[in-house]
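Notes follow once the structure below has been shown.
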Amino acid sequence: MASAEPVSKLTIEGDVAVLSLNSPPVNALSAAVREAILNGVRSAVENPAVKAVVLICEGRTFIAGADITEFGKPPKGPSLKEAQDAIENAPKPVIAAIHGTALGGGLEVALCCHYRVAVPSAKCGLPEVNLGLLPGAGGTQRLPRIVGAQKALEMMTSGQHVGAKQCLEMGLVDEIVAEGDLRAGAIALARRIVAENRPLKKVRDLNEKMLADRANPAIFADFRKANARKFRGFLAPEYNIRCIEAAVNLPFDEGMKVERQLFMELMQGTQSAAQRYVFFAERQVWKIPDIEDDIELIPVKKVGMIGAGTMGGGIAMNFANVGIPVTLVETKQEALDRGLSVVRRNYETTAKRGRLTMADVEKRMSLLTGSLDLDSLADCDLIIEAVFENMEIKKEVFAKLDKIAKPGAILATNTSALNVNEIATAVKRPEAVVGMHFFSPANVMRLLEVVRGDKTSKPVLATAMQIGKKIGKIGAVSGVCPGFIGNRILRARTLQAQAMLTEGAMPWDIDKVLYEFGLPMGPFAMSDLAGLDIGWSKETSKSSTIREVLCEMDRRGQKTGAGYYDYDEQRNARPSPVTEKVIREFAAKAGNAPRTITEQEILERCVYPMINEGARILEEKIALRASDIDIVWINGYGWPVYRGGPMFYGDTVGLAKVVAKLKEYQPKLGPEFVLSPLLERLAAEGKRLQDVKA
Ligand code: 3H9
């Protein structure tokens with residue numbers, strides 16, 4: 001946050017002092033900013049000519065919160081509370097002038113001001129929950145006093161940013177002034193407050209809403225129940241709720257004590273450490289060390305999509321959503337019609353849920369054009385291929401594309417595992433070829449693996465990332481290797497889960513452990529959902545794996561009513577005696593006597609080989625940094641954010657322990673398992689995976 005400019009400026013405009021903060025990029029409450037507030041307010045108060053104070057920010061936003069980079073370091077400079085007290089206890093009105101986003105500690109500062117004014121585009125929120133925290137500067141006690149417990153519950157457990165208009169309706173801001181008029185509007189309000197001799201409103205003294213909420217204790221139980229699934233595993237939402245309960249039931253100062261205690265507990269815990277790490281990981285992931293920030297990007301005004309199946313249709317929706325037209329190519333009219341009608345149905349479902357208007361649906365559909373002719377992609381800037389996962393077919397498609405696509409067009413493949421370098425050999429312009437691996441359902445899942453081939457040019461790679469951002473994805477760069485980052489790590493886990501079946505664990509035993517760890521489902525429930533027959537064929541099946549036997553029995557997952565589990569009409573899963581028998585027979589044939597596998601072993605056997613595979617990916621430079629691997633697993637595979645991703649989890653457990661356990665399990669881990677030298681070295685040196693530099 002270093003800046004050559006001074007952090008604040010105090011200007012006296014007649015009888016109003018304007019304290020203007022300037023600490024790019026987001027005016028976070030660093031020690032310097034806290035000091036500037038404290039000194040600025042004090043000096044305005046001491047100045048007899050000053051009747052009121054306006055607190056405003058330069059740059060793109062009002063204060064966006066505490067400075068997260070200071071967390072976990074020894075405290076420096078004045079505390080935030082000192083700065084807030086100076087504002088709240090000032091004998092002259094202090095008015096917060098809000099633009100951009102007043103978030104977290106920023107909103108908590110504004111809540112200590114006596115009045116708040118905002119421009120229409122401004123937003124307010126307490127997003128601490130997303131960092132595994134709660135607002136620790138009085139926000140949990142002040143916000144409910146203005147908006148009531150119900151709204152505070154919603155805002156604080158979701159972290160949502162609320163628009164100025166809604167803030168005005170809730171009483172969170174007192175006035176809205178026109179865009180561009182913030183400074184003048186705030187000064188005018190300050191003068192009116194003085195002229196009308198309005199009181200110094202202190203939010204801490206408001207009690208009306210709290211008294212009303214006290215009469216309705218069911219709010220909290222109902223809220224917990226309604227959100228149990230969403231909050232599963234997370235500590236912070238529950239702690240936020242407890243603070244609001246304290247606001248409702250206790251005097252202000254007592255409530256503040258509860259807030260303090262719970263805040264400290266969260267701050268020192270591993271969940272918040274993980275979530276803060278993810279905050280920075282999500283921002284790092286876009287940075288590619290050998291690509292300059294100002295690289296010239298390829299304008300993408302029109303997209304071509306080869307394949308209009310589930311994947312192709314889903315991918316196309318992303319572009320239509322942001323107004324980019326897409327031409328979808330299929331080989332048969334029937335497939336094209338089916339693909340487009342699935343897209344329409346998806347949009348209509350969203351409209352029925354009230355998240356789109358029917359006019360939006362029509363507008364988006366009008367951006368999608370079907371075609372049976374590859375030639376119709378001649379004027380596309382980006383062409384994405386999503387045909388069958390077969391190298392020969394892909395190469396054929398790319399060879400044709402090479403003749404059709406205009407010069408400079410990006411040729412992307414949505415392959416989930418095939419070698420992008422080999423695909424690129426099919427064209428005379430391998431620099432134009434890049435992998436864009438979307439995850440299913442492609443219109444919903446946030447992850448986009450952008451696969452950099454040996455010859456992919458920098459503008460092509462940078463544009464693939466930038467277009468990913470534009471369509472709301474989180475892009476992670478991967479080098480070329482089987483399965484790229486995500487599926488390669490998944491494979492390491494699958495091998496162990498499969499092996500444990502033949503050693504005596506049942507699919508539901510393994511799934512339970514991973515579900516309780518925080519994943520949305522375990523590997524076998526996932527397999528049942530996706531279909532056991534992906535990549536399986538009747539002709540070549542030889543009953544050589546449990547999966548093959550189940551497929552041969554037509555137990556191919558949820559779609560056939562049975563897979564590893566049995567399913568009822570509502571697709572509720574229950575452990576299957578048939579599967580159990582298959583597994584037992586299989587194990588007996590292999591000469592294995594079933595043993596009891598503890599939950600601890602299940603977890604370690606599934607997760608530690610993932611950490612090991614991630615380390616191998618890192619040392620092979622397939623991933624730029626450990627945190628990119630974590631981003632992939634959080635956004636593509638539902639790894640719980642509060643555990644920070646598999647790499648962060650390894651660092652949390654301690655790499656020495658991970659390595660020791662892997663060595664202990666090694667005889668069972670199978671021939672494919674190779675202990676990562678990098679992991680071993682880091683463990684020996686007492687270092688972390690996140691310390692490996694890109
Ligand atoms: C808190 O307030 C606790 C208190 O309750 C209690 C205290 C006792 N600190 O996101 P962007 C950096 S917890 C430090 O790309 P945008 C960010 O890393 C805090 N750095 O921009 C990035 O750096 P770089 C509660 C911060 O326009 C650069 O700023 N507040 C902070 O897309 C630009 O960020 C929050 O959780 C920070 N607080 O979005 C708000 N915030 O350029 C967190 C940002 O080196 N922030 N940076 O990669 C945000 O949600 C978004 O940054 C914001 C701007 C919406 C403000």
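Indexing begins at 1, ligand by ligand and atom by atom, following the structure's order. We're numbering straight along the sequence, starting at 1.
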Q | Location of contacts on Pro127 toward ligand 1, heavy atoms closer than 4.0 Å | A | side chain
Q: Show the numbers, then the answer: is there a side-chain hydrogen bond (donor to acceptor under 3.5 Å, both in side chains) between Arg276 and Ser272?
A: CA-CA 6 Å; Arg276 280 180 273 139; Ser272 176; 3.0 Å; yes
Q: Look only at interatomic distance and state if Pro135 has a nitrogen or oxygen under 3.5 Å from any nitrogen or oxygen of ligand 1.
A: no
Q) Where on Leu131 is there a heavy atom closer than 4.0 Å to ligand 1, on the side chain, on the backbone, on both, or on neither? A) side chain
Q. Is the Phe319 ring parallel, tilted or perpendicular to the Phe438 ring (thresholds 30°, 60°)?
A. perpendicular
(Q) Using heavy atoms and a 4.0 Å limit, tell me yes or no: is Lys287 in contact with ligand 1? (A) yes
Q) Is Met267 touching ligand 1 with its side chain, its backbone, both, or neither, if touching means heavy atoms under 4.0 Å apart? A) neither
Q: If the plane angle is over 60° it's perpendicular, under 30° parallel, otherwise tilted; pick one for Phe223 and Phe231.
A: tilted
Q | Between Tyr649 and Asp630: side-chain donor-acceptor atoms closer than 3.5 Å | A | no
Q.
If you compare all heavy atoms of Val285 against all heavy atoms of Met465, which two are closest, and at what distance to 0.1 Å?
A. O-CE, 3.6 Å
Q. Is Arg60 in contact with ligand 1, taking contact as a heavy-atom separation below 4.0 Å?
A. yes
Q. Which part of Gln284 is near ligand 1, with near meaning a heavy atom under 4.0 Å away: side chain, backbone, both or neither?
A. neither
Q: Could you pull out, from Gly65, Ala64, Ala66, the option with a heavy atom nearest to atom 37 (C) of ligand 1?
A: Ala66
Q) How about Tyr642 and Gln275: does a side-chain donor come under 3.5 Å of a side-chain acceptor? A) no
(Q) Taking only non-hydrogen atoms of Asp67, do any sit less than 4.0 angstrom from ligand 1? (A) yes
Q) Is there any N or O on Gly105 that sits under 3.5 Å from an N or O of ligand 1? A) yes
Q | Plane angle bin for Phe439 and His437 - parallel if under 30°, tilted between 30 and 60°, otherwise perpendicular | A | tilted
Q.
Under 3.5 Å between any N/O of Gly136 and any N/O of ligand 1: does that happen in this structure?
A. yes
(Q) Under 3.5 Å between any N/O of Glu128 and any N/O of ligand 1: does that happen in this structure? (A) yes
Q.
Going by the closest heavy atom to atom 55 (C) of ligand 1, which one wins out of Leu126, Leu103, Leu80?
A. Leu103
Q: State, without any angle test, whether Thr270 and Thr652 hold a side-chain donor-acceptor pair at a distance under 3.5 Å.
A: no
Q. Between Cys124 and Ile98, which heavy-atom pair has the shortest distance, and what is it?
A. SG-CD1, 4.3 Å
Q.
In this structure, does ligand 1 have an atom that sits under 4.0 Å from one of the heavy atoms of Val26?
A. yes
(Q) Give the atom numbers and elements of ligand 1 that come within less than 4.0 Å of a heavy atom of Pro25. (A) 28 (C), 29 (O)
(Q) Evaluate Lys9 against Asn22 for side-chain hydrogen bond (donor to acceptor under 3.5 Å, both in side chains), listing each step before the verdict. (A) CA-CA 8 Å; Lys9 204 157 68 186; Asn22 182 17; over 6 Å; no
Q: State the atoms of ligand 1, each with its element, that fall below the 4.0 Å cut-off from a heavy-atom position in Phe280.
A: 18 (O)
Q) Short list, please: which atoms of ligand 1 are under 4.0 Å from a heavy atom of Gly104? A) 2 (O), 25 (C)
Q | Heavy-atom pair of closest approach, residues Leu382 and Val300 | A | CB-CG1, 4.0 Å
Q. Has ligand 1 got any nitrogen or oxygen that is less than 3.5 angstrom from a nitrogen or oxygen of Leu133?
A. no
